[in-house]
Protein chains: 2
Amino acid sequence: MVLDPVDQEICRLLQENGRMTFADIAQRVGLTAAPVLARVNKLEAAGVIGSYHAVLGREKLGFAMTAFVAVILKSHGTAECRDFVAAIVEVPEVLECHHIAGEEDYLLKVVAQSPKDYERLINDRITNLPQVRRVKTILVLSSAKESTTVPVKVNP
Amino acid sequence: MVLDPVDQEICRLLQENGRMTFADIAQRVGLTAAPVLARVNKLEAAGVIGSYHAVLGREKLGFAMTAFVAVILKSHGTAECRDFVAAIVEVPEVLECHHIAGEEDYLLKVVAQSPKDYERLINDRITNLPQVRRVKTILVLSSAKESTTVPVKVNP
DNA sequence: CGTGAAACTTTCAAGAT
DNA sequence: ATCTTGAAAGTTTCACG
């Protein structure tokens with residue numbers, strides 16, 4: 001699918017503020033609401049716009065810790081990987097699960113309320129899994145940027 | 001701030017669908033739109049709800065690559081770190097920048113359209129920075145989960 | 001918290017450029 | 001083809017009970 005500059009601007013605006021009204025977007029891109037709606041519907045149908053989410057203030061909810069967890073599996077058979085992934089994606093504190101190339105097999109991003117909670121999470125829900133050989137914690141001290149906004153080029 | 005079960009459910013719903021209408025939310029939590037609006041305003045003011053965003057389908061926009069980049073700085077003075085972070089957060093392809101404890105100093109999440117693009121990004125925008133000693137790329141092969149949804153406890 | 005009312009937004013069909 | 005207009009339905013937002 002080809003994005004003209006108006007589509008690109010709509011994507012930029014909705015990445016920045018996912019609750020912006022079509023009337024508002026229309027004004028900023030120099031159209032009326034109807035064609036903006038049509039374009040957004042088209043962008044959603046094409047999968048260019050995938051979903052909309054509120055992002056919560058984690059620390060306000062008591063999540064004082066973020067960490068990346070590098071996981072090495074015991075073996076790398078298809079079934080082994082499948083079962084590990086199936087179990088790990090069900091853990092709500094695991095926000096991300098990436099299969100990676102490198103010394104380790106998977107890189108997880110996890111949140112926890114406290115070191116104690118983190119310990120329980122790692123022990124009971126991760127290290128515990130029969131496929132896991134070893135885990136390494138990379139503790140996040142602070143995050144200077146944490147966004148899902150990708151660049152939508154203005155000059156095609 | 002204390003979240004009662006209705007606040008928690010509102011947070012859960014808005015994490016799941018950031019464009020859900022207040023009328024819709026109201027129906028699901030068994031209220032009318034007015035009190036839902038009041039609660040959302042309060043949650044936003046308290047920073048529990050931080051922001052709303054559309055998440056784009058990266059691959060549809062040509063971002064075929066995701067990688068984590070572990071960075072070691074030459075030194076760890078306050079100014080050095082500050083200047084590195086200030087430069088790195090301006091790079092649109094760098095979606096996340098975390099200060100970490102471990103062998104490396106920073107962990108970045110970056111997206112790129114191709115290996116060539118990735119090379120340019122790493123060379124010209126990262127390795128290049130005067131504070132950087134060394135970078136290590138951890139290539140993402142696939143992501144089984146990539147979310148910002150944190151658990152909002154149902155049982156206080 | 002609910003109601004009702006005003007203002008605004010969404011959404012669609014028909015017609016203009 | 002894509003936009004505008006205009007109108008109906010739905011949503012937001014407020015003051016009052």
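A note on names: the letters A, B, ... follow the listed sequences, proteins ahead of strands, and every chain is numbered from 1.
Every residue meeting the ring-ring contact (aromatic ring centres under 6.0 Å, His included) condition with A:Tyr106, not counting sequence neighbours, appears here in chain and number order: A:Phe84, A:His99. Under the side-chain contact (heavy atoms from CB on, under 4.5 Å) criterion, B:Pro115 pairs with B:Met65, not counting sequence neighbours. In this view, A:Thr149 and A:Gln15, A:Ser147 satisfy the side-chain contact (heavy atoms from CB on, under 4.5 Å) rule, not counting sequence neighbours.
Criterion: ILVMFWY side-chain heavy atoms under 4.5 Å apart, direct or through other members. Under it, A:Val40 and B:Val55 are not part of a common hydrophobic cluster. Note: the hydrophobic cluster containing B:Val36 also contains B:Ile49 (ILVMFWY, side chain heavy atoms under 4.5 Å, direct or indirect links). Put simply, B:Val89 and A:Val140 are part of two different groups of oily side chains (I, L, V, M, F, W, Y) that touch within less than 4.5 Å, one to the next.
Taking every nucleotide of DNA chain C with any atom under 4.0 Å from a non-hydrogen atom of chain A, the first and last of them, 5' to 3', are C:dT9 to C:dC12. Heavy-atom contacts of chain B under 4.0 Å fall on DNA chain D between two terminal nucleotides, which in 5' to 3' order are D:dT11 to D:dC14.
Screening residues 55-76 of chain A for ring pair (Phe, Tyr, Trp, His ring centres under 6.0 Å), with sequence neighbours left out, gives A:Phe68-B:Phe68, A:Phe68-B:His98. A side chain to side chain donor-acceptor pair (under 3.5 Å) check over residues 64-74 of chain A, counting only residues at least two apart or in different chains, returns the pairs A:Arg58-A:Thr66. Within the structure, no pair that satisfies the ring pair (Phe, Tyr, Trp, His ring centres under 6.0 Å) test touches residues 34-54 of chain B, not counting sequence neighbours. Among residue pairs with one or both ends in residues 128-142 of chain A, those qualifying as side chain to side chain donor-acceptor pair (under 3.5 Å) are A:Tyr118-A:Thr137; sequence neighbours excluded.
Proximity of B:Arg12 to A:Leu56: side-chain heavy atoms (C-beta onward) are nowhere separated by under 4.5 Å. Within the 4.5 Å cutoff, the side chain of B:Val48 has no heavy atoms near those of the B:Asp7 side chain. Between A:Leu95 and A:Leu108 there is no side-chain heavy-atom pair separated by less than 4.5 Å.
For DNA chain D, runs of at least 3 consecutive pairs of the Watson-Crick or G-U wobble type, with both hydrogen-bonding distances under 3.5 angstrom, map to C:2-17 with D:1-16.
When the shell of 6.0 Å around CD of A:Glu59 is examined, it contains more than 12 heavy atoms from other residues, nucleotides or ligands.
Of the residues in residues 14-25 of chain B, B:Thr21, B:Phe22, B:Ala23 come within less than 4.0 Å of DNA chain D through at least one heavy atom, sorted by number. If you check residues 32-48 of chain A against DNA chain D, the residues with a heavy atom closer than 4.0 Å are A:Thr32, A:Ala34, A:Pro35, A:Arg39, listed by number.
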Intermediate values then yes/no, side-chain contact (heavy atoms from CB on, under 4.5 Å), B:Val85 and B:Glu90: CA-CA 9 Å; B:Val85 166; B:Glu90 292 305 319; over 6 Å; no
